[in-house]
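The structure appears below as structure tokens.
Since this is a predicted model, take the numbers as computed values, not measurements. Numbers here are sequence positions counted from 1.
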Amino acid sequence: HTAAFNSKFGGNAKWSAETGAMLASYGFNYVSYGSNRIERFPDDMRENLLNPGQRKMAYAENLYLLRTFMWDMTANLGYAFEDGTYNRLVLAFEPTFQSYVENLAREKCALFAGDKHFVGYYLDNELPFVAYENADAVKGIELKHFLALPHKYKGARDFAEAFMAQEGIASAVTEAHREKFRSAVADHYFKVTSEAVRKADPQHLILGSRLHDWSKYTQGIVEACARYCDVVSVNYYARWQPEPDFMADLAVWC
């Protein structure tokens, strides 16, 4: 790919000039650089992509707050997260999570201060709030999964135990309990992350976390996002067009 790119364009400047003109001709008004470790558009392609011809482009970027915390766990906490064994949202209850995302937001948001093209931030991307048909304890939030966490994830386990006590749950966990717990975990995540970003950057929008699959169909998850974010973003797969009933629900939940 590198050889073909260099042969055709010679560098980012020519590529971005042609690509910017193409996007503008097709009527696009938004692009994203999309780096895993969030950064501004590089200078050698910025103007060509964000000011093609007479059109002004907007862009937003993903902070990957929870995911970056997970990526950096070995360096920060001394052990790696067992993704695939535990739901990664348990990390939102780690004692160092809040200070970590506050520092990360302060560092990354400074990159976009005064940027006239920049719209705002996605907090993360497609987090495992709700599994398909609520059938997987790792791909979706499950009360029993949180209650069974080992001691090193004590923060999340304590949160689940406190929920049990608050709700007066002695033994049997009902579907209503499961749904309410999912909402409580989502509320915690969106509160901590959005407040960290808002503190670092009061100028730009907070765009949610691209809810997908069953997460977007779950009232408590959508409401938690809407409670703290400026925008509820949705990644809409597996449908040819928006579903009228869901769109009506979404309007109410938001």
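Taking NZ from K144 and CG from L147, the interatomic distance works out to 9.5 Å, rounded to the nearest 0.5 Å. The distance from the CG atom of N235 to the CG atom of L211 is 8.5 Å, given to the nearest 0.5 Å. Rounding to the nearest 0.5 Å gives a distance of 9.5 Å between OG of S233 and CD of E126. A distance of 8.0 Å separates CG in D72 from CG in L104, rounded to the nearest 0.5 Å. Remark: E243 CD to M247 CE distance equals 9.0 Å, nearest 0.5 Å. Atoms CZ and OG1, on F9 and T19 in that order, are 5.5 Å from each other to the nearest 0.5 Å.
Residues H117 and N51 meet the side-chain proximity criterion, which asks for heavy atoms closer than 4.5 Å. Side-chain contact check for V222 versus Y217: every heavy-atom pair is 4.5 Å or farther apart. Side-chain contact between Y100 and T68 is present, with at least one heavy-atom pair separated by less than 4.5 Å. Side chains of N76 and T96 form no contact here, defined as non-hydrogen atoms less than 4.5 Å apart. Residues L143 and M164 meet the side-chain proximity criterion, which asks for heavy atoms closer than 4.5 Å. Residues N134 and V130 meet the side-chain proximity criterion, which asks for heavy atoms closer than 4.5 Å. Considering only heavy atoms from C-beta on, L65 comes within 4.5 Å of V197 through its side chain. Residues D201 and Y121 are in side-chain contact: their nearest non-hydrogen atoms beyond the backbone lie under 4.5 Å apart.
Here the options are W71, F69, Y153, the test is ring pair (Phe, Tyr, Trp, His ring centres under 6.0 Å), and the partner is F81; only Y153 passes. Tested against L66 for a side-chain contact (heavy atoms from CB on, under 4.5 Å), the candidates V192, L91, N125, V101 yield a single pass: L91.
Residues F118 and H204 bring their aromatic ring centres within 6.0 Å. Between Y189 and F97, the ring center distance fails the sub-6.0 Å criterion.
Annotation: side-chain contact (heavy atoms from CB on, under 4.5 Å) contacts of D213 (sequence neighbours excluded): Y132. When the ring pair (Phe, Tyr, Trp, His ring centres under 6.0 Å) test is applied to F28, no partner is found at least two apart in sequence or on another chain.
Side chain of E61 to main chain of G34: a donor-acceptor pair is present (N/O by atom type, distance under 3.5 Å, no hydrogens or angles). Using a distance-only test at 3.5 Å, with no hydrogens or angles considered, a donor-acceptor pair links the side chain of N87 to the main chain of P128. For S35 (side chain) and R37 (main-chain N/O), a donor-acceptor pair under 3.5 Å exists by modelled atom type. Without hydrogens or angle criteria, N12 side chain to D44 main chain gives no donor-acceptor distance under 3.5 Å. In this structure, the side chain of H188 does not engage the main chain of V185 through any donor-acceptor pair within 3.5 Å. One N or O on the side chain of R157 and one on the backbone of L149 form a donor-acceptor pair closer than 3.5 Å.
Note on F41 and Y122: separate hydrophobic clusters, where clusters join Ile, Leu, Val, Met, Phe, Trp and Tyr whose side-chain heavy atoms are under 4.5 Å apart, directly or indirectly. By the rule that hydrophobic residues join a cluster once side-chain heavy atoms approach within less than 4.5 Å of another member, W253 and I141 end up as members of one cluster. Y33 and F5 fall within the same hydrophobic cluster, defined by Ile, Leu, Val, Met, Phe, Trp and Tyr side-chain heavy atoms under 4.5 Å apart, directly or through other members. Tracing side-chain contacts under 4.5 Å through hydrophobic residues (I, L, V, M, F, W, Y), one never reaches F112 starting from V231; they form parts of separate clusters. Tracing side-chain contacts under 4.5 Å through hydrophobic residues (I, L, V, M, F, W, Y), one never reaches V234 starting from L205; they form parts of separate clusters.
Nearest approach of L49 to M57, heavy atoms of both residues: O-CG, 3.2 Å. Across all their heavy atoms, F190 and S209 have their closest contact at CZ-OG, 3.5 Å. Listed here is the closest heavy atom pair of A13 and N48: O-ND2, 3.1 Å. Taking every heavy atom of both residues into account, A196 and A105 meet most closely at O-CB, 3.8 Å. In terms of heavy-atom proximity, L50 sits nearest to P52 at C-CD, 3.3 Å. Here the shortest heavy-atom pairing between H145 and Y86 reads NE2-CA, 3.6 Å.
A salt bridge does not link R67 to D83: none of the charged side-chain nitrogens sits closer than 4.0 Å to a carboxylate oxygen. In this structure, E179 pairs ionically with R182, as a charged nitrogen and a carboxylate oxygen lie closer than 4.0 Å. Residues R239 and D245 are not paired through a salt bridge, judged by the lack of any N-O separation under 4.0 Å between the basic side chain and the carboxylate. Electrostatic pairing of K152 and E82 counts as a salt bridge here, judged by a charged N lying under 4.0 Å from a carboxylate O. With respect to D115 and R46, a salt bridge is recorded, a charged nitrogen being found less than 4.0 Å from a carboxylate O. Ion pair E39/K108 not flagged as a salt bridge, since none of the NZ, NE, NH1 or NH2 atoms sits closer than 4.0 Å to an Asp/Glu carboxylate oxygen. Here D187 does not pair with K191 in a salt bridge; the nearest charged N to carboxylate O distance is not below 4.0 Å.
Heavy atoms from other residues, nucleotides or ligands lying under 6.0 Å from OH of Y79 number more than 12.
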Exercise. Evaluate the criterion salt bridge (charged side-chain N to carboxylate O under 4.0 Å, His left out) for residue pair E175 and R178; output intermediate values, then yes/no.
Key: CA-CA 5 Å; E175 183 59 34; R178 295 170 69 196; 2.7 Å; yes
Quiz item: Going through the checks in order, is the side-chain contact (heavy atoms from CB on, under 4.5 Å) test met by R198 and I206?
Solution: CA-CA 8 Å; R198 184 65 70 224; I206 298 174; 3.5 Å; yes
Exercise. List the steps, then state whether side-chain contact (heavy atoms from CB on, under 4.5 Å) holds for R40 with Y59.
Key: CA-CA 10 Å; R40 285 165 54 94; Y59 77 109; 4.0 Å; yes
Exercise. Check the pair F163 / I169 against side-chain contact (heavy atoms from CB on, under 4.5 Å), numbers first and verdict last.
Key: CA-CA 8 Å; F163 177 84; I169 305 170; 4.0 Å; yes
Quiz item: Stepwise, does the side-chain contact (heavy atoms from CB on, under 4.5 Å) test hold for V90 with F146?
Solution: CA-CA 7 Å; V90 307; F146 274 61; 3.7 Å; yes
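Applying the ring-ring contact (aromatic ring centres under 6.0 Å, His included) test to pairs two or more places apart or on separate chains, those with a residue in residues 221-242 are Y236-F246.
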